[in-house]
Amino acid sequence: MKYQLDLHSQMLMEQYNERKPLYERLLHLACDALRQALDGQRVRATAMDSRIKEADSLAGKLELKGTKYHTLDDVTDIVGLRVITFYGADVDKVAAIVSETFDVDWSRSVDKRKLHRLDSFGYNSLHYICRLPKSIVDDARMPMLNELAFEIQMRTALQHVWSTLDHDTKYKGDVKVPREYQRQFNRLAGMLELIDEEFDRLRTTLTDYRRQMLTLEASGQLDDVYLNAETFRHFLDTRPFNNLNQRIAGINQAELYPAPMMSFLLVLQELGLETLGDVNRLIDDYSDDAYKLAASQLGATDIDILSENIGLQNLCYVYILKQGGGQAELCHVIELLRGEDPGNATLASELMKHAKELTL
């Protein structure tokens with residue numbers, strides 16, 4: 001496409017072409033530095049992209065606003081990076097990392113989130129104008145690497161999706177969008193902004209809840225700690241079934257080998273256990289019977305290697321039997337742990353036989 005550029009704008013385009021290798025080097029250094037900084041702070045970015053403004057794009061900008069730019073340095077987005085996060089709070093974390101990593105030109109940076117306009121949701125991003133400090137690059141052959149500005153945009157995933165859809169829908173073609181449709185866009189923007197804020201609030205609430213549960217767990221107030229994947233994993237770290245495992249292993253002087261036990265979470269929940277206090281009572285109330293059941297199965301064998309889930313497994317079996325469950329209930333639990341297998345029914349039948357002999 002041909003653009004109608006005045007002499008000043010043509011000179012800026014020539015300067016742009018001369019600087020292209022510098023822009024490419026600048027982009028590479030800025031991207032590497034930002035990725036390393038984000039990784040170092042363990043801040044998760046949903047996406048990060050970068051680009052050098054194409055010649056056609058710059059020419060179009062100069063055709064429209066050429067008089068605004070006295071020098072090419074006034075065009076601060078020739079080199080651009082964009083960081084997308086899931087949550088608004090993470091945008092602020094990324095912004096803090098950017099300000100620590102690069103030299104930010106605060107006079108030309110803008111927080112568009114403060115616009116507070118109903119139709120601005122998709123464009124409510126942070127725009128920082130930055131330069132590379134000499135701690136990142138200090139090349140006497142390319143001193144301009146520390147002088148050239150580049151832009152970093154930071155926004156949430158919902159803001160990014162909305163801005164893309166909004167631009168694609170409203171600005172494609174020359175037909176002006178009627179006011180009634182514009183109003184619908186604005187209403188949707190307001191709804192998405194509310195969703196963005198609610199996701200942030202929900203994450204904060206859940207984080208506080210997790211911390212509270214872990215604090216209660218650490219203090220021993222297990223009746224107040226709901227049984228879920230996170231709390232059960234921390235509970236397993238205390239090796240609560242170790243004493244029972246050692247007793248069972250002593251039947252045949254067997255060796256215990258590590259085995260995953262998170263699969264028992266579903267079993268415990270199906271048995272009706274709701275808190276870690278319930279699991280603790282399972283251990284206290286049924287360990288002796290679980291040991292007897294294991295002894296009846298292992299006593300006549302020479303098995304000398306056992307899984308570390310042997311204790312919890314027998315606790316579950318005993319609990320079912322003590323609660324009046326039968327072979328069908330045992331078979332269901334065995335299937336949850338082992339998957340579908342023709343031998344499940346046989347094992348359940350053998351457990352019922354041992355339980356009757358022990359009068360469990």
Go through the steps for Met154 and Thr85 under the test side-chain contact (heavy atoms from CB on, under 4.5 Å), then give the verdict.
CA-CA 8 Å; Met154 296 153 278; Thr85 70; over 6 Å; no

Does [X] pair with [Y] as a salt bridge, N-O distance under 4.0 Å?
{"X": "Asp223", "Y": "Arg281", "value": "yes"}
{"X": "Asp90", "Y": "Arg155", "value": "no"}
{"X": "Lys134", "Y": "Asp139", "value": "no"}

Find out whether [X] and [Y] are in side-chain contact, i.e. whether some heavy atom of one side chain is under 4.5 Å from a heavy atom of the other.
{"X": "Leu256", "Y": "Ser307", "result": "no"}
{"X": "His332", "Y": "Ile320", "result": "no"}
{"X": "Lys53", "Y": "Arg51", "result": "yes"}
{"X": "Asn245", "Y": "Leu312", "result": "no"}
{"X": "Tyr291", "Y": "Ile248", "result": "yes"}
{"X": "Cys31", "Y": "Arg35", "result": "yes"}
{"X": "Glu230", "Y": "His234", "result": "yes"}
{"X": "Cys331", "Y": "Ile334", "result": "no"}

Under the side-chain contact (heavy atoms from CB on, under 4.5 Å) test, which residues partner Asp49, sequence neighbours left out?
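For Asp49, the residues satisfying side-chain contact (heavy atoms from CB on, under 4.5 Å) (neighbours in sequence not counted) are Arg82.
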
Could you tell me whether the side chain of [X] and the main chain of [Y] form a donor-acceptor pair under 3.5 Å?
{"X": "Thr238", "Y": "Phe235", "result": "yes"}
{"X": "Ser109", "Y": "Ile129", "result": "yes"}
{"X": "Asp196", "Y": "Leu158", "result": "no"}
{"X": "Gln253", "Y": "Gly250", "result": "yes"}
{"X": "Asp77", "Y": "Gly80", "result": "no"}

Between Phe150 and Phe102, ring centroids under 6.0 Å:
yes

Minimum heavy-atom distance between [X] and [Y], given as atom pair plus value:
{"X": "Leu27", "Y": "Ser50", "value": "CD1-CB, 3.5 Å"}
{"X": "Tyr16", "Y": "Glu54", "value": "OH-C, 3.7 Å"}
{"X": "Asp138", "Y": "Asn146", "value": "CA-OD1, 4.4 Å"}
{"X": "Leu38", "Y": "Ile97", "value": "CD2-CD1, 3.9 Å"}
{"X": "Cys316", "Y": "Val267", "value": "SG-CG1, 3.9 Å"}
{"X": "Gly339", "Y": "Asn344", "value": "O-ND2, 2.9 Å"}

So for atom [atom1], which belongs to [X], do other residues, nucleotides or ligands contribute more than 12 heavy atoms lying within a distance under 6.0 Å?
{"X": "Asp284", "atom1": "CG", "answer": "yes"}
{"X": "Gln10", "atom1": "CD", "answer": "yes"}
{"X": "Gln323", "atom1": "CD", "answer": "yes"}
{"X": "Glu24", "atom1": "CD", "answer": "yes"}

Is it the case that one hydrophobic cluster holds both [X] and [Y], taking links as side-chain heavy atoms less than 4.5 Å apart, direct or via other members?
{"X": "Leu7", "Y": "Met13", "result": "no"}
{"X": "Leu266", "Y": "Leu273", "result": "yes"}
{"X": "Leu132", "Y": "Met144", "result": "yes"}
{"X": "Phe264", "Y": "Tyr257", "result": "no"}
{"X": "Leu244", "Y": "Leu276", "result": "yes"}

Give, for atom [atom1] of [X] and atom [atom2] of [Y], the distance between the pair rounded to the nearest 0.5 Å.
{"X": "Leu5", "Y": "Leu12", "atom1": "CG", "atom2": "CG", "answer": "9.5 Å"}
{"X": "Asp237", "Y": "Phe232", "atom1": "CG", "atom2": "CZ", "answer": "11.0 Å"}
{"X": "Ser9", "Y": "Leu72", "atom1": "OG", "atom2": "CG", "answer": "10.5 Å"}
{"X": "Tyr128", "Y": "Thr76", "atom1": "OH", "atom2": "OG1", "answer": "14.5 Å"}
{"X": "Ile283", "Y": "Asp278", "atom1": "CD1", "atom2": "CG", "answer": "11.5 Å"}
{"X": "Lys93", "Y": "Arg44", "atom1": "NZ", "atom2": "CZ", "answer": "12.5 Å"}

Should Met48 and Leu34 be marked as a side-chain contact (heavy atoms from CB on, under 4.5 Å) after you check the CA-CA gap, both sets of side-chain angles, and the distance that decides it?
CA-CA 10 Å; Met48 178 176 157; Leu34 184 52; 3.8 Å; yes

Side chains of Glu308 and Asn242: any donor to acceptor distance under 3.5 Å?
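There is no such pair between these side chains.
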
Looking just at side-chain N and O atoms, do Glu151 and Gln153 make a donor-acceptor pair shorter than 3.5 Å?
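Yes.
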
Could you go through the side-chain contact (heavy atoms from CB on, under 4.5 Å) check for Thr46 and His160 one step at a time?
CA-CA 11 Å; Thr46 308; His160 181 59; over 6 Å; no

Quick one: do Leu227 and Glu274 satisfy side-chain contact (heavy atoms from CB on, under 4.5 Å)? Show the steps, please.
CA-CA 5 Å; Leu227 179 61; Glu274 297 180 347; 5.9 Å; no

List the steps, then state whether salt bridge (Lys or Arg N to Asp or Glu O under 4.0 Å) holds for Arg247 with Asp288.
CA-CA 10 Å; Arg247 288 179 65 192; Asp288 287 343; 3.1 Å; yes

With sequence neighbours left out, what residues match Asp74 under side-chain hydrogen bond (donor to acceptor under 3.5 Å, both in side chains)?
none

